[in-house]
Each structure stands twice: as C-alpha cells, then as structure tokens.
Asks: 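Encoded as structure tokens, here's the structure I'll be asking about.
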Protein chains: 2
Amino acid sequence: MSVTIREIAQQAGVSRGTVDRVLNGRSGVKPEIRERILAIADRLQYVPNLAAKALAYNRKPIQIGIVMPPKEISFFDEIRKGIHAAEDELKGLGICLEYVYINNQLADEGARAIQTLIANGASGILFSAIDDEVNRVSIDKAIEQGIPVVTFNSDVENSKRSCFVGQDLGKSGEIAAGLMTRMFTGKAKVLVIVANMKFHAHRMRVQYFKEKLIQSEIEIVDVIEGYDRYDDTFRKLNESLKMYPDLDGIYMATGHAGACIDAVKLAGKGGHLRIVCNDLMPEVEQGLREGLIDFTIMQNPVQQGYRSLRILYDLIFNGKQPDHEFQYTDTSIMIAESL
Amino acid sequence: MSVTIREIAQQAGVSRGTVDRVLNGRSGVKPEIRERILAIADRLQYVPNLAAKALAYNRKPIQIGIVMPPKEISFFDEIRKGIHAAEDELKGLGICLEYVYINNQLADEGARAIQTLIANGASGILFSAIDDEVNRVSIDKAIEQGIPVVTFNSDVENSKRSCFVGQDLGKSGEIAAGLMTRMFTGKAKVLVIVANMKFHAHRMRVQYFKEKLIQSEIEIVDVIEGYDRYDDTFRKLNESLKMYPDLDGIYMATGHAGACIDAVKLAGKGGHLRIVCNDLMPEVEQGLREGLIDFTIMQNPVQQGYRSLRILYDLIFNGKQPDHEFQYTDTSIMIAESL
DNA sequence: CTGAAAGCGCTAACAG
DNA sequence: CTGTTAGCGCTTTCAG
C-alpha cells in the first residue's frame with residue numbers, strides 16, 4: 001500500500017488538512033511546520049493518489065478551455081479525434097472541457113477567447129491560433145494568473161506557454177530531402193511549392209529541405225508560392241512545368257495538393273514526376289492511390305490532440321511539468337501501400 | 001453533474017448495493033428488479049465514475065499479469081517502455097502489475113506463467129509468447145475462468161484472447177514492395193532475407209511482398225533463410241551476392257540486420273544496393289546512418305505496449321470490449337533523416 | 001494559523 | 001435476495 005496524506009499527518013503530528021495545504025502550496029501554514037511536512041513527504045516518497053484526487057475534484061471539476069479553428073477546417077478533425085481520445089480516458093477524472101472555435105488567422109479572436117475562458121473559470125488552456133503579438137501577450141497574461149497554456153499544431157513562439165505540441169518542421173523538410181535522394185540516383189531537378197513563404201512552417205520546411213540537398217546532386221530549380229489557393233497554384237505550376245520540361249520531382253511543403261495534382265495531370269506528367277507531399281488531406285490520399293504522389297510526410301495530428309490534452313492534464317492535476325518545451329509528434333512517412 | 005448509482009437506486013426504489021450488484025453482473029438479484037434497474041440505467045445513460053471506482057478498488061487493487069520475454073531481448077525494451085507509459089497514467093487507478101519473464105520460444109513456459117498468475121489472483125493477462133497449442137489451451141482456460149487475455153506483438157491465433165495488439169504483417173510486406181517500386185524505375189532484381197519461413201510473421205511479410213510485386217518489373221531472385229544467426233546469414237548472403245552480381249536491392253523481412261550489412265560491405269556494394277529493412281535495432285539504426293539501409297519499416301513497439309495495457313484496463317475496469325480482434329499499430333516508414 | 005468533519009461515487013462485508 | 005454501512009484518499013468548508 002502506498003503512502004497517504006494521513007501517514008504524513010501522523011508523523012508530523014498535524015492534521016490532514018494542514019498536510020493538504022502544504023502539499024498543494026496553499027498559504028497559511030507556519031513555515032516551520034511546512035518544512036517538516038515537506039521533509040517527511042519527501043522521505044516517504046509520497047505520491048498523491050490520482051483516483052482520490054479526481055474524486056474529490058468531482059464537486060468542482062477542473063475546466064480546460066480549448067481554442068482552435070472551426071469545424072470547417074477539416075485538418076483539425078484529426079486533432080479533435082485525438083483530443084476526444086484523451087478526453088475519453090480522462091472521463092470521470094475531474095475535468096470538463098470547453099471548446100471555443102475561432103478564426104485562427106485573426107489574431108484578436110484568439111486573445112479574446114483566452115480572456116473569456118479565464119473569466120469562465122478555466123484552469124488551463126489548449127491553444128492553436130496564429131503566431132501573433134496579441135496572442136503572445138494574452139498567453140503570457142494567463143500564465144501570470146497561474147493558468148497554464150499549451151499550444152498545439154501551430155506555436156506562439158517565445159510566449160510563456162508550458163510547451164508546444166506539434167511537428168518538428170526542420171525534420172519534416174529534411175525527410176522530404178531524404179526521400180528525394182532515395183528516388184533519384186544521380187542528378188535531378190526538383191521544384192518546391194509552398195503556400196506562402198511568410199508562413200513559419202513552410203519557410204522552415206523549405207530551409208531544411210534546401211540545406212539537406214546542398215551536398216547532393218539534386219538541384220532546386222524554383223520555389224513557388226500558391227497561397228493555398230487553387231487558381232494561383234494551378235497557374236503558377238503550369239508555367240513552371242513549361243519552363244522546366246526536364247523537371248524530375250516536386251516537393252509540396254504545403255498539405256493542399258489538389259491544384260498541383262491537376263496541373264501535373266494536365267501536363268501529362270503523372271507518374272513520371274516524383275512527388276513528395278505533406279499530411280493526408282483527401283486530395284493527397286487520392287493522389288497516393290492514383291500513383292501520382294509517391295510519399296507524404298505526416299505530422300500525426302491525432303497524436304497532437306491526444307498529447308496536448310494529456311500534458312495539460314498532468315500539469316494541472318499532478319503538477320508534472322512537460323520534460324521539454326517542444327513536444328514533437330512523430331514525423332512518419334506514408335506511401336500508397338500504407339493506406 | 002452526471003448520473004450516479006444513487007439516483008438509479010432512488011428511481012428503482014432499491015438500495016445502492018443492489019444497483020451495484022446488477023451493474024456489475026453479480027448474481028443474487030431478483031430478475032424482475034434486475035430488469036428494472038438495467039432499464040433505468042439505460043434510460044439515464046449511466047456511466048460509472050472512473051475515479052470513484054478506482055478509489056474503491058484501492059483496497060484490493062486489480063492485478064494484471066504480464067508475460068513476455070526476458071529483459072535480454074532488447075526488442076522488448078521498447079514495448080516495455082510503452083507499458084510503463086500506460087502504467088504511469090494508470091498509477092493510482094486501482095491496478096498493480098506483475099511481470100513474468102519467460103523464454104518465449106518454449107511453449108510450456110508461457111502456459112505455466114498463465115497458471116501461476118491466475119493462482120496469484122490476476123484479473124487479466126497481457127501475453128506475448130510463441131504461437132503454440134499449449135499456449136492456446138492455457139489462454140482459453142483463462143478466458144473460461146473469466147480472466148481476459150490480450151496478446152501483443154506475437155499472436156496466439158484462434159485462441160479466445162480478447163484481441164491481439166501488434167503489426168499488420170501483410171501491410172508491412174506490401175509497404176516493403178511499395179518502397180522498392182519507388183526506388184527502381186524500371187526492371188530490377190531483389191533478394192529477400194528472412195530468419196525462418198516457419199515464422200508466421202516472416203512468411204506473411206514475404207507473401208504480401210511477392211504478391212504486390214507481381215504486376216511490377218521487379219523480380220525476386222531468391223528468398224534465403226538466415227535463422228537470425230549471424231554466421232548463417234552472413235555466409236548465405238555472401239553466396240547470393242556472388243550468384244547475382246547484378247542484384248539491385250534487398251528486402252530484409254527480419255529485424256536482425258547485422259550480418260546483412262557486413263556482407264554487403266564486404267562485397268563492396270554499400271550504397272549501390274537499395275535495402276529495405278524492418279524495425280530499429282541498433283544495427284539497423286547504424287545502417288541507416290551510414291547510408292547502407294534506405295528504409296526501415298516500423299511496427300511501433302512502444303505503441304504496442306501502451307495500447308495493450310490500456311485495452312486490458314478498459315476491458316477489466318469499464319467492461320469496454322476492444323472494437324476489433326486485431327489492433328494493428330501504425331506501420332510507419334523511417335529513413336536516416338527520421339532519426 | 002490549524003483541526004475536525006463532511007463529502008466525492010463506488011465496492012464489499014455484514015446483517016437481516 | 002436486499003439494505004446498511006464502513007471505507008478508498010483527498011479537498012474543502014467551518015470552527016476555533
């Protein structure tokens with residue numbers, strides 16, 4: 001049987017209430033007694049009992065706020081799946097979730113959501129929105145009030161959030177490069193497509209992709225921006241395909257592949273060009289099935305959702321700090337046969 | 001606030017004890033009352049409170065037995081890591097684990113372990129040992145006594161285990177084939193190495209590998225068995241490399257790659273031959289780093305450990321049957337850049 | 001500043 | 001066959 005609060009109380013010659021106060025950092029205990037209790041807890045290697053704690057919290061469940069893009073953004077469905085999985089495991093363990101859907105491109109919506117959640121009594125927040133000064137300030141304010149924030153999928157850098165759960169963008173770019181080198185034995189020309197080089201994620205991927213290819217015989221002929229708009233992407237890629245008729249491969253640093261696929265098909269290059277992609281949106285899945293896309297690099301969104309909620313729970317409930325500021329989810333590779 | 005056992009008792013006009021009996025399938029309740037309670041619970045959508053249940057079980061924690069190969073088999077370290085991760089989350093939730101290490105090639109050790117565990121009062125068992133009649137019988141006997149068994153990593157087929165958690169072997173073979181087709185544009189000759197075609201796992205991988213390559217221009221020149229012994233593998237592969245000087249690639253359906261790597265190096269083929277491998281034993285990691293191995297196909301052992309314990313817990317504690325008899329872990333692909 | 005006691009929802013042992 | 005009751009370990013009033 002493991003050690004309880006009651007044993008500590010006995011050994012310290014105080015009541016359980018006092019021990020509770022000390023162990024949970026509540027004020028109002030004579031420093032001398034506090035020290036004594038801490039020492040005993042330490043010596044006995046006290047570990048609070050999760051079930052008991054959760055049960056007691058059932059009177060006033062801990063509220064966790066979740067700020068993320070609306071349901072229409074299908075990419076987040078997977079993340080939500082992961083959150084639900086964690087929620088399922090934590091059901092009846094003294095928490096309740098409150099979702100706030102925001103337009104994650106509008107900075108102040110995120111900031112406002114945080115404030116609302118705090119006003120509603122949230123004890124912790126999961127946050128995914130644009131990396132903007134307004135959000136940074138809002139997060140830091142939450143932290144100062146003792147409300148931990150975990151960012152997921154897209155980070156708000158240099159904010160005081162407990163940690164970020166998401167993809168290792170550098171690795172993602174390097175893997176793309178690695179895949180290219182496996183497909184081409186000698187010289188080759190590849191094109192890179194991003195949504196916008198202003199996006200931190202895409203910039204990072206491209207940067208590491210390039211760096212990794214310096215020592216190789218693979219030449220990057222161009223980096224084009226499609227702004228994740230079908231028309232722009234289609235038109236620009238068409239031009240590029242004409243401009244570089246001897247192109248060997250394409251790296252799509254963005255997950256939106258619909259227009260690319262169509263352009264490649266139109267040019268009659270389907271199956272000839274080697275294509276590496278990101279994520280698993282429906283178009284990408286289709287592209288893999290048709291043999292148009294060779295590889296896609298995953299950021300494991302389900303894991304992102306699951307881990308972020310678990311981490312926040314452990315933090316609030318067990319006071320367990322995440323072991324690293326950056327919690328990277330697996331960067332795995334898929335091919336058609338993986339589907 | 002969610003519905004409790006007490007409300008059900010009130011509505012049914014009985015005591016909480018009776019409700020508990022019914023809800024937990026214990027005998028000794030008049031059928032008529034049982035029906036009534038069940039109906040009410042159903043109507044109210046009763047969900048038992050995990051924390052309360054776990055806390056009550058703290059008096060007499062539920063014992064879960066774990067039968068697996070000894071610590072010397074390093075492959076299982078990863079699986080154990082996953083089990084520990086799950087254990088960590090379930091700490092204080094009313095369970096205690098008991099490990100039994102066995103030689104998983106000796107059938108009766110597994111069977112005996114099951115019996116010992118049951119005698120010691122285990123309420124559920126995680127099992128990983130050779131697929132043998134003795135084990136099948138022993139598992140089925142446990143099930144008949146109401147003690148659920150979950151097999152992991154290597155299945156005992158057609159036993160009454162609740163489910164198997166491990167790799168989708170067919171997919172693993174198909175992915176290997178898919179990778180080959182991505183590396184070779186035209187005709188190519190590849191060699192397959194297994195430990196033993198008597199191993200179900202290796203037979204399956206090879207079978208699906210072959211089937212997937214039928215429509216391709218890739219020819220499988222031979223399948224050699226190395227029995228996971230360094231000497232045998234090294235010698236046989238040496239011969240093959242001489243016999244097929246124009247070989248293009250190798251598929252190692254086994255995870256033991258040390259001898260293969262050495263033979264390839266000796267033949268001066270390092271970097272020329274395209275190699276696809278399984279798992280991430282130290283030799284494989286080294287091979288990837290040196291650029292000798294192109295791809296390795298993972299079965300996510302950590303996930304295997306984690307999921308099997310979680311599933312068993314949910315089964316025992318929440319009565320939640322696994323949604324499928326085969327719980328496949330991700331079959332992901334790694335390259336050097338993934339490390 | 002500290003102690004006492006009630007209660008979170010469920011289980012199990014003991015009466016009846 | 002069914003009701004009663006004493007916990008499981010922790011939090012949180014309410015007194016003092």
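Any value given below was found using the heavy atoms of this structure, including those in side chains, with hydrogens, waters and symmetry copies removed. Protein chains get the first letters and strands the later ones, always in sequence-line order, with residue 1 at the start of each.
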Asks: In terms of the angle between their ring planes, are A:H84 and A:Y99 parallel, tilted or perpendicular, with boundaries placed at 30° and 60°?
Replies: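 The rings of A:H84 and A:Y99 sit tilted, inter-plane angle from 30° to 60°.
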
Asks: Given atom CG of B:L50 and atom P of C:dC8, what is their separation to the nearest angstrom?
Replies: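 Taking CG of B:L50 and P of C:dC8, I get 18 Å after rounding.
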
Asks: Could you state the CZ-P distance from A:R26 to C:dT2, rounded to the nearest angstrom?
Replies: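 These atoms are roughly 14 Å apart.
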
Asks: Should B:S15 be listed as having a side-chain N or O under 4.0 Å from OP1 or OP2 of D:dG3?
Replies: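 Looking at the OP1 and OP2 atoms of D:dG3, one of them is under 4.0 Å from a side-chain N or O of B:S15.
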
Asks: Taking only Lys NZ, Arg NE, NH1 and NH2, and the carboxylate oxygens of Asp or Glu, determine whether B:E109 and B:R112 approach each other closer than 4.0 Å.
Replies: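 Salt bridge: no.
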
Asks: Whole Å only: how far is the CG atom of A:N49 from the P atom of C:dC8?
Replies: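 Value for this atom pair: 18 Å.
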
Asks: Distance to the ring centre below 6.0 angstrom and angle to the axis at most 45 degrees; does that hold for B:R161 and B:F326?
Replies: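 The answer is yes; both the distance and angle limits are met.
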
Asks: By nearest heavy atom, map B:L55 and B:P31 onto DNA chain D; which one lands nearer the 5' end?
Replies: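 Taking each residue's closest nucleotide, the earlier one in sequence belongs to B:P31.
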
Asks: Per the atom types in the model, does the base of C:dG3 pair as donor or acceptor with the side chain of A:R21 at under 3.5 Å?
Replies: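 Yes.
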
Asks: If you find the nucleotide of DNA chain D closest to A:P48 and the one closest to B:V14, which residue's nucleotide is nearer the 5' end?
Replies: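 Nearest-nucleotide comparison on DNA chain D picks B:V14.
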
Asks: Rounded off to whole Å, could you give me the CD1-to-C1' distance for the B:I37 and D:dC1 pair?
Replies: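 Taking atom C1' of D:dC1 as the reference, CD1 of B:I37 is at 12 Å.
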
Asks: Is any side-chain N or O of A:R6 under 3.5 Å from a base N or O of D:dG9, one able to act as donor and the other as acceptor?
Replies: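 Result: no qualifying N/O pair found.
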
Asks: Ignoring the backbone of B:V29, work out which of C:dG7, C:dT2, D:dT2 is nearest its side chain.
Replies: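 The answer is D:dT2.
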
Asks: With sugar-phosphate meaning primed atoms plus P, OP1 and OP2, does A:Y46 contact a base, only sugar-phosphate, or nothing at under 4.0 Å between heavy atoms?
Replies: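 Sugar-phosphate, backbone atoms only, no base.
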
Asks: Any side-chain N or O of A:T18 below 4.0 angstrom from OP1/OP2 of C:dT2?
Replies: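 It does not, given that no N or O in the side chain of A:T18 lies less than 4.0 Å from OP1 or OP2 of C:dT2.
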
Asks: I want to confirm an ordering. Mapping B:A51 and B:G17 to their closest nucleotides on DNA chain C, which one lands closer to the 5' end?
Replies: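 Taking each residue's closest nucleotide, the earlier one in sequence belongs to B:A51.
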
Asks: Nearest whole Å is fine: how far is D:dG9 P from A:I5 CD1?
Replies: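 The distance from CD1 of A:I5 to P of D:dG9 comes to 11 Å, rounded to the nearest Å.
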
Asks: Mind telling me whether A:F317 and A:Y57 have parallel, tilted or perpendicular rings, with 30° and 60° as the class edges?
Replies: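 Correct class here is tilted.
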
Asks: For A:R36 and C:dC1, give me the distance from atom CZ to atom P, rounded to whole Å.
Replies: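 Rounded to the whole Å, the gap is 15 Å.
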
Asks: Is the closest basic N to carboxylate O distance between A:R136 and A:E157 below 4.0 Å?
Replies: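 Here A:R136 does not pair with A:E157 in a salt bridge, since their nearest N and O are not under 4.0 Å apart.
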
Asks: Provide, to the nearest angstrom, the distance between the CZ atom belonging to A:R16 and the C1' atom belonging to D:dC10.
Replies: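 Result: 8 Å.
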
Asks: Using whole Å, what does the distance between atom P of nucleotide D:dG9 and atom CG of B:N58 come to?
Replies: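 Going from CG in B:N58 over to P in D:dG9 covers 5 Å.
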
Asks: If the cut-off is 4.0 Å, is B:Y57 near the phosphate of C:dG9, judged by side-chain N/O to OP1 or OP2?
Replies: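 It does not, given that no N or O in the side chain of B:Y57 lies less than 4.0 Å from OP1 or OP2 of C:dG9.
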
